[in-house]
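Okay, so here's the structure we're looking at.
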There are 2 protein chains.
Amino acid sequence: MPGHHPARSRRPTERKGDVRERAILDTCEALLAQKGHDAITVGDIAEGAGITRGALYFYFGSKQEVVTALVARTVEHLWERSRATAKTDEPRQAIAAAMQRTVELWNEHGPVMRTAIDLSLTVPEIGELWSHTADLFTEAITAVLERAGVQAGTEPDQASAMARALCWMIERTFYHASQEAREKLQKASSTCEHIWLTSAGLTA
Amino acid sequence: MPGHHPARSRRPTERKGDVRERAILDTCEALLAQKGHDAITVGDIAEGAGITRGALYFYFGSKQEVVTALVARTVEHLWERSRATAKTDEPRQAIAAAMQRTVELWNEHGPVMRTAIDLSLTVPEIGELWSHTADLFTEAITAVLERAGVQAGTEPDQASAMARALCWMIERTFYHASQEAREKLQKASSTCEHIWLTSAGLTA
DNA sequence: ATAAAAATCGACGTCGTGTAGAGTTTGAGG
DNA sequence: CCTCAAACTCTACACGACGTCGATTTTTAT
C-alpha cells in the first residue's frame, strides 16, 4: 500500500511521503469516529491531511484502499498484542485476560473495528483480514473450552462450533456497545465472560 | 412508502401501481441474492421490474426507500409469524420452536436479513425496524431464561443482559451461515440452541 | 365519453470518483 | 553549487450513478 513505488520502506531518513501517508490514515480514522465510511468523501480525507484529492491518489489508488490500509494497520496492532499476551493455562484467567484485552482494543479503535466488520463482505481484502482475525480468536476460545473439559470436535455441541458462536457473540456485542458509552463496554464484557464461563462448564 | 400519494391502500380493485410496486420489491430482493446492495443500481431494479428509472422514482423517492420498504415487508412477515407461534411454557420446547422459526426465516429471506443488518447503522429507518425486532427477540429469550431459573435483572450475569448477548450471537451466527450452504443453517442453529440451553442452566 | 388521477418516459443538473498530464520540490552525486 | 531523476503536488477532465422536472400517455371513475 505504500505508494505506487515499491522498495521505499527501508530508507535511512523518513521520506515526506511517509508522514503524509500516516496523516491520511490518521485523518481517516478520525473521520470514521464521526461519520459512517460512506458518508466520508475522498475530499474530506485529503483536506484533513492537508493535501488535495489529486495528491491523495498518489498514495492510495482509491478510497477503499485507504480504509483497507487503515484496517490492516489496526488489525496488525491487534495481532501483536495477542502474541504479547502471556499464555495462561488456567481457563478462568485466560478468559478474563482475553476479555480485558478485547475491551482495550475496542476502546482505542472502536470505529475502525466497526468499519472493518461492515466492509468485510463488500471489500474482499478487508474480509480476508477480519476472517483471519476471527479465526485466531476462535482457535483461542476453542483451546480454552477444551482445556476446561468440553469435548473436542466440530459437531454442533463440541468445542469448535461453540467457539465460533461465542466469537460472533463477542464481536457483535462489542460492536454495539462501542457505539455507546465507555462503561457499556465493561458491562458487555462481563456478560460475554459469564456466558463463556458457563459454556465451558465453569459455573461460578 | 406506497408512492407519494397516500390513501391508496384500501381500494376495491387493485391498481396497476400496486403490482408494479410489488414487482420492484421482488426484483430488489432477487438482486440482493446476487450482489451486495451497493453494487445494485437504480437502473438494475427498474430494468428488472420492466420500467425505466424515471418511472421508479414515481413509486419510491430513492434507492434507500426501496430497500427500506423491502426490509419493512420482510420484518412484518417475521413479526406475524412470531405472534402466530403458540407460546409454550416449557423452556426446552420454547427454545427449540424459536430456533426452528429462525432457521425458516433465514432460509427464505437470508439476503434481505443480511442487508437489513448491514444498513441498520447507516439508514435510521432500517435501524429502527431492526432494533425493534432485536428487542422482541431479546424479550422472548429473557422470558425463557427467567422461567428456567436464571435470576431476573439487568446486571451482567442476569437474564436481560444475557439475553441481549445471546440475541447478538444468534444474529451473527445466522448472518454468516446464511451465506453458505443451506445445511450450515441447521448446524448453526443447533450450536446456538446448545449454548442457549447451557446458559439457561438446562444442561442436557 | 370524458376528465381527473395515475403512471411513464427522456432529458437534465449535480456530485463523487478516479485519471491524465503538467508543474514543483527534494536530495544524492558530481 | 549544480543537476537531474525521483518524489510529490496540483488543476482539469471524463465517467457513472443519483435524483428532479415537465411533457406525455394510460387508467380509472362517473
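So you know, we letter chains A, B, ... as the sequences are listed, proteins then strands, and number each from 1.
Computed from coordinates, the B:Arg20 CZ to D:dT26 P distance equals 13 Å when rounded to whole Å. Nucleotide C:dA4 holds its C1' atom 11 Å from the CZ atom of B:Arg15, rounded to whole Å. Distance B:Lys16 NZ to D:dA29 P: 14 Å, rounded to the nearest Å. For A:Asp38 and C:dC15, the CG to P distance is 18 Å, given to the nearest whole Å. The CD1 atom of A:Ile51 sits 15 Å away from the P atom of C:dG18 (whole-angstrom rounding). Here the C1' atom of nucleotide D:dG19 and the CZ atom of B:Phe58 are 16 Å apart, to the nearest Å. Rounded to a whole Å, the CZ atom of B:Phe60 is 18 Å from the C1' atom of D:dT20. Residue A:Arg53 contributes atom CZ, which lies 12 Å from atom C1' of D:dA14 at whole-angstrom precision.
When atom types are taken as modelled, the side chain of B:Ser189 and the backbone of B:Leu185 share no donor-acceptor pair closer than 3.5 angstrom.
Within 6.0 Å of the CD atom in A:Glu29, the count of heavy atoms belonging to other residues, nucleotides or ligands exceeds 12.
Between B:Lys63 and D:dC18 there is a side-chain polar atom (N or O) within less than 4.0 angstrom of OP1 or OP2. Contact annotation: B:Tyr57 does not reach the phosphate of D:dC21 (side-chain N/O to OP1 or OP2, under 4.0 Å). Applying the 4.0 Å criterion to OP1 and OP2 of D:dA17, one finds that B:Thr41 has every side-chain N and O outside that range.
Side-chain contact, B:Thr85 with B:Arg101: a donor N or O sits under 3.5 Å from an acceptor N or O.
Closest to the side chain of A:Ala55, out of C:dG10, C:dG18, D:dT9, is D:dT9.
When side chains are defined from C-beta on, A:Leu56 does not count as touching A:Arg20, because their heavy atoms never get closer than 4.5 Å.
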